[in-house]
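Down below is the structure, laid out as structure tokens.
Quick caveat, the model's predicted, so the values are computed rather than measured.
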Amino acid sequence: MKHVLFVCSQNRLRSPTAEQVFSSLDTIEVASAGLNQDAEVPLGNELVEWADVIFVMESAHRSKLRQKFKAQLKDKRVVCLDIPDDYDYMDAELIRLLEAKVPRHLP
């Protein structure tokens, strides 16, 4: 089973929505975290090592991820979804974007 991690800044809106949307798939296990220190679930080494694929919401997240976890990212696939911080948790438009962008990168 593949482990899929969704990452944004605060882990309050975008990444938890993505986790919720894709949690019902039988082929993957999902988790979410935030890159900021005050995130609901701050991203740490354990989650990065657990993940097979990491989805970030913005290119700035990819840069910060590579800066903080360079050694752990050697064999990881990091996909930038280019979804700005313009949506509420479980916003219908956010869900539509996630459903359009994520599945092509899943097993």
Exercise for the section: Can you see which heavy atom on Leu81 is nearest to which on Phe55, and at what distance? Expected result: CD2-CD2, 3.7 Å
Exercise for the section: Verify the distance criterion only: is there a donor paired with an acceptor across the side chains of Asn11 and Ser32 at less than 3.5 Å? Expected result: yes
Exercise for the section: Classify the angle between the aromatic ring planes of Phe22 and Phe6 as parallel (below 30°), tilted (30 to 60°) or perpendicular (above 60°). Expected result: parallel
Handout entry: Nearest-0.5 Å distance, CG of residue Asp52 to NZ of residue Lys76
Key = 6.0 Å
Problem - Option passing salt bridge (charged side-chain N to carboxylate O under 4.0 Å, His left out) with Arg14 (candidates Asp82, Asp85, Asp88, Asp86) - result: Asp85
Practice task
Over all heavy atoms of both residues, which pair between Phe69 and Gly44 is shortest? Give the atoms and the distance, please.
Solution key: CE2-C, 3.7 Å
Practice task
May I ask you to decide if Met90's main-chain N or O and Thr17's side chain share a donor-acceptor pair within less than 3.5 Å?
Solution key: yes
Problem - Pair Glu93 + Arg96, salt bridge at N-O below 4.0 Å - result: yes
Practice task
Examine distances only and state if a side-chain atom of Lys2 and a backbone atom of Leu106 form a donor-acceptor pair shorter than 3.5 Å.
Solution key: no
Practice task
Would you check if Val4 and Leu25 make a side-chain contact, meaning some heavy-atom pair closer than 4.5 Å?
Solution key: no
Practice task
Could you tell me the separation between the NE2 atom of His3 and the CD atom of Glu49, rounded to the nearest 0.5 Å?
Solution key: 13.0 Å
Exercise for the section: Please answer whether the main-chain N or O of Leu35 pairs with a side-chain N or O of Lys68 as donor and acceptor at a distance below 3.5 Å. Expected result: yes
Handout entry: Any donor-acceptor pair under 3.5 Å from His105 side chain to Val102 backbone
Key = no
